[in-house]
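Only this structure's heavy atoms are used, side chains among them; waters, hydrogens and symmetry mates stay out. Every chain is numbered from 1, with letters handed out A, B, ... down the list of sequences.
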There are 2 protein chains.
Amino acid sequence: MRKHAGHTTLKDVAEAAGVSISTVSRAFSNPERLSPATVQHVKEVAARLRFSVNPVAKALITGTSSNIGLVVPDISNPYMSTLLKAAQAHSRGRGIGVFAADTDENASTEREVCDQLAKQTRGLVLCSSRMSVTHIRELAELIPLVLVNRVVKGVPSLYSDSTAALYELVDELVDLGHRHLAYMPGPVQSWTNKQRSRAISKRVAARGAELVTLASTSPSYAGGRAAAPQVLESGATAVMAFDDVLASGLVEGLRRLDCSVPRDISVTGHDDVLAELVYPGITTVTGQSVRIGRLAVDWLLEDPIGDDSESALTRVVEGRVIRRGSVAAPPSPVSSPP
Amino acid sequence: MRKHAGHTTLKDVAEAAGVSISTVSRAFSNPERLSPATVQHVKEVAARLRFSVNPVAKALITGTSSNIGLVVPDISNPYMSTLLKAAQAHSRGRGIGVFAADTDENASTEREVCDQLAKQTRGLVLCSSRMSVTHIRELAELIPLVLVNRVVKGVPSLYSDSTAALYELVDELVDLGHRHLAYMPGPVQSWTNKQRSRAISKRVAARGAELVTLASTSPSYAGGRAAAPQVLESGATAVMAFDDVLASGLVEGLRRLDCSVPRDISVTGHDDVLAELVYPGITTVTGQSVRIGRLAVDWLLEDPIGDDSESALTRVVEGRVIRRGSVAAPPSPVSSPP
DNA sequence: GAATGTAGTGCAAACGTTTGATACTGTCCA
DNA sequence: TGGACAGTATCAAACGTTTGCACTACATTC
């Protein structure tokens with residue numbers, strides 16, 4: 001900050017321009033209350049002195065800052081980095097800075113980070129928060145909040161609903177002849193994981209097929225890869241993974257076991273990130289990261305004049321299926337010799 | 001921030017504890033100047049009132065904040081997200097928050113972002129900065145800076161030097177029999193790109209082989225994939241890519257052209273991120289993202305008592321080769337029928 | 001020609017801290 | 001008994017803004 005070099009302040013500009021501090025301040029924040037001539041003069045002097053207002057002093061006096069915080073469990077997940085990039089670009093367009101923080105999937109780290117952020121930002125976007133409902137509510141008392149991909153009653157919540165898309169996917173798999181499906185779960189604390197799991201098991205049951213939920217692993221590529229033996233053991237002919245990261249890890253793990261996707265096993269992912277990077281491309285559901293990133297920022301910055309009814313506190317974008325090459329009919333059963 | 005709820009202040013605590021504001025302040029910032037009894041009493045009251053100091057007021061008065069900024073050209077590049085995570089975790093351990101910003105590979109966005117950040121942070125880590133030397137120097141006057149993977153005279157610069165590792169890689173390729181190598185470049189403004197390009201062409205020339213530098217593409221997976229036809233056309237039997245992202249894109253692009261890695265063409269990457277995710281695993285050079293992230297933070301936070309000699313302004317970590325499955329001997333030339 | 005209105009500008013308080021200077025209270029020693 | 005000296009605690013100024021209020025000067029109205 002300063003100390004390093006004497007930043008120019010309102011006072012410097014005021015002296016140089018021969019006006020009062022308030023006048024300089026108003027030249028920037030409230031120019032219509034000044035004569036056009038004064039405004040122009042002040043702005044010229046300010047530009048010459050390379051003045052720009054000190055955001056921390058401004059934040060202190062106005063009680064609000066031009067920064068928002070964005071908290072994510074894991075920024076190396078491409079879904080999150082895409083969302084962050086979108087949110088950031090969008091905010092910049094509105095003169096708002098984004099304070100991004102990674103919590104390493106850890107609820108208590110998340111809490112610390114949020115407390116820290118709450119006092120320096122105008123609001124927080126919490127992505128896939130791992131905190132307890134209680135803590136989230138508590139935080140919401142302190143600072144405006146938008147929850148992404150999680151719903152907590154009474155707190156603005158924005159998520160991508162992929163129920164319909166997952167139904168569609170299950171239907172396609174069953175229609176292709178799959179009778180034994182598996183679900184590869186994401187982080188246990190994840191709200192989204194519960195949603196996806198529920199949607200899938202509901203539809204699989206409705207279609208009279210069988211679903212086994214695999215043991216939960218690290219929500220990473222390595223985690224997905226490591227789960228491959230477990231998948232084979234389960235006897236499933238199609239695996240629906242929590243997200244693309246797990247799905248692509250699984251595909252690689254299966255390959256190492258000489259099991260080919262989609263010939264031997266079908267695999268689906270979620271979020272449509274990374275899914276086109278691997279071979280074969282993975283059939284997935286869009287996660288709408290870009291759109292959600294922008295919407296979250298907009299909502300957070302919205303004037304809270306809107307009604308507070310429960311329905312107004314939930315916003316949804318719909319996911320849809322993206323078909324790539326990781327799904328096929330199950331291998332025809334080869335009767336093993338008795 | 002506040003306005004939403006009445007944050008408790010020093011004043012509130014002071015009243016509740018029956019002491020002066022300064023005493024409360026010192027209970028936190030300078031407890032040895034108070035009697036132990038007072039300190040304990042104040043801290044109890046403060047805890048009961050859930051008080052914690054307002055960082056913006058503190059920043060204003062002390063002229064320094066407990067936040068640092070970290071600026072990256074593209075956070076979705078796994079090298080950068082790994083570095084960010086490391087820097088952030090490390091900073092948190094030291095009570096420092098990290099303000100992360102993505103510049104979309106754009107020098108002018110970067111400049112804006114830095115100016116904005118400069119006034120609210122105690123220092124900036126600029127990763128693979130795309131700004132001009134002039135702008136960087138200008139910024140360094142304003143605020144403590146650490147440059148990562150770029151060297152500018154007079155400004156603290158930290159980078160991973162992979163010259164030796166690249167020499168080693170070139171040697172291995174040539175020793176395997178490759179005579180026609182290609183370099184797939186990264187972003188043109190990238191300092192690292194120049195370094196890698198120079199090291200490779202120097203060594204290839206020294207070994208009497210031929211090197212063609214491909215046209216530069218978007219530094220993304222899609223960019224690498226799209227360059228595959230150009231690679232085939234070049235006649236090279238081994239391609240050294242700027243980084244793993246490009247390398248893995250290229251492998252996929254080649255596969256789509258029915259060209260197998262490493263049977264038909266050898267490919268190497270750089271940074272050791274993503275390189276194990278794809279098939280085949282890509283032979284690469286470590287980028288030391290985690291170590292660099294931590295070192296950068298440490299350096300930025302160091303008391304600047306050290307000498308300012310030129311040598312003290314450069315810190316280096318060495319890259320080393322990681323061998324995976326993407327390198328082999330060139331295919332034996334099949335004489336086409338006349 | 002006095003009263004009123006209005007546009008432009010300045011004064012000073014406030015935001016929540018930190019911190020050097022200062023005041024208070026004992027204790028100890030001469 | 002008085003003075004010196006710690007050890008504690010308070011006072012008040014400062015950081016760089018914003019903003020309600022007051023003030024000036026001039027134009028307009030009666």
Side-chain angles (χ1 to χ4, degrees), chain A residues 1-43 45-46 49-67 116 118-120 122 142, chain B residues 1-43 45-46 49-67 118-122 142:
Chain A
M1 307 182 59
R2 88 187 151 70
K3 224 124 216 185
H4 202 244
H7 273 228
T8 60
T9 72
L10 278 186
K11 198 174 156 200
D12 302 327
V13 180
E15 280 167 7
V19 295
S20 75
I21 292 183
S22 347
T23 300
V24 182
S25 172
R26 278 195 261 264
F28 291 96
S29 56
N30 222 348
E32 62 276 15
R33 287 194 46 185
L34 260 37
S35 78
T38 314
V39 172
Q40 203 199 339
H41 175 222
V42 168
K43 286 203 162 173
V45 174
L49 265 47
R50 294 172 177 254
F51 167 82
S52 66
V53 324
N54 179 330
V56 356
K58 180 167 182 167
L60 180 59
I61 190 73
T62 60
T64 182
S65 106
S66 62
N67 295 135
Q116 184 67 18
K119 280 188 252 74
Q120 345 189 24
R122 135 206 300 252
L142 239 56
Chain B
M1 304 180 60
R2 88 186 150 69
K3 224 126 219 186
H4 202 244
H7 274 227
T8 60
T9 72
L10 279 186
K11 198 174 155 199
D12 302 326
V13 180
E15 279 167 8
V19 296
S20 76
I21 292 182
S22 347
T23 300
V24 181
S25 171
R26 276 195 255 267
F28 291 96
S29 55
N30 221 347
E32 62 276 15
R33 286 194 47 184
L34 260 39
S35 79
T38 313
V39 171
Q40 203 199 338
H41 175 221
V42 168
K43 286 203 163 175
V45 174
L49 265 48
R50 293 172 177 252
F51 168 82
S52 65
V53 325
N54 178 329
V56 356
K58 180 167 183 170
L60 181 58
I61 190 73
T62 61
T64 182
S65 106
S66 62
N67 294 135
K119 280 188 252 76
Q120 344 189 26
T121 56
R122 136 207 299 254
L142 239 57

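The distance from atom CG of A/L60 to atom C1' of C/dT18 is 13 Å, rounded to the nearest whole Å. Between the CG atom of B/N30 and the C1' atom of D/dT8 there is a distance of 13 Å, rounded to whole Å. The nearest whole Å value for the distance from the CG atom in B/L10 to the P atom in C/dC15 is 13 Å. If you measure from atom CD of B/E32 to atom P of D/dA9, you get 13 Å, rounded to the nearest angstrom. Nucleotide C/dA13 holds its C1' atom 8 Å from the CD1 atom of A/I61, rounded to whole Å. The distance between atom CD1 of B/I21 and atom P of D/dT10, rounded to the nearest whole Å, is 11 Å. One can place CG of A/L34 at 14 Å from P of D/dT19, the figure rounded to the nearest angstrom. Per the geometry, NZ belonging to A/K11 stands 17 Å off C1' belonging to D/dT18, to the nearest Å.
Across all their heavy atoms, A/H41 and A/A17 have their closest contact at CE1-O, 3.1 Å. Closest approach of B/Q120 to A/V56, counting heavy atoms only: CA-CG1, 4.4 Å. Considering all non-hydrogen atoms of both residues, B/L34 and B/A27 come closest at CD2-N, 3.6 Å. A pairwise comparison of heavy atoms in A/V39 and A/P31 identifies CG2-O, 3.7 Å as the closest pair. Heavy-atom minimum distance, B/S65 versus B/R122: O-NE, 3.0 Å.
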Taking N or O atoms only and anything under 3.5 Å, show me the protein contacts with nucleotides 20-24 of chain C, one pair per line.
residue: C/dG20; atom: O6; partner: B/R26; partner atom: NH2; Å: 2.8

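Backbone-only engagement by B/S35 is indicated by non-hydrogen atom pairs under 4.0 Å involving sugar-phosphate atoms exclusively. Using a 4.0 Å heavy-atom distance criterion, A/S25 is classed as a base contact. Backbone-only contact: A/F51 has heavy atoms under 4.0 Å from sugar-phosphate atoms and none from a base.
Between its two ends, the helix from C/dG1-D/dC30 to C/dA30-D/dT1 turns its axis by 70°, counting five pairs per end and rounding to 10 degrees.
Remark: the backbone N or O of B/S25 is paired with a side-chain donor or acceptor of B/S29 at under 3.5 angstrom.
By the 4.5 Å heavy-atom criterion applied to side chains, A/T9 and A/N54 are not counted as neighbours. Using a 4.5 Å heavy-atom threshold, the side chains of B/H7 and A/L142 count as touching.
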Apply the test side chain to side chain contact (heavy atoms under 4.5 Å, CB included) to residues A/N30 and A/E32: give CA-CA distance (whole Å), side-chain angles for both, the deciding distance (0.1 Å), then the verdict. CA-CA 6 Å; A/N30 222 348; A/E32 62 276 15; 2.9 Å; yes
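Contact check, A/T9 against D/dG16: no side-chain N or O comes under 4.0 Å of OP1 or OP2. The phosphate of C/dT9 (OP1 or OP2) has no side-chain N or O of A/T23 nearer than 4.0 angstrom. The side chain of A/S20 places no N or O atom within less than 4.0 Å of a non-bridging phosphate oxygen (OP1 or OP2) of C/dT9.
For the side chain to side chain contact (heavy atoms under 4.5 Å, CB included) test with B/V24, the passing option among B/V45, B/V53, B/V13 is B/V13; the others fail.
Picking from C/dT17, C/dG8, D/dT8 the nucleotide with the shortest atom distance to the side chain of B/T38 gives D/dT8.
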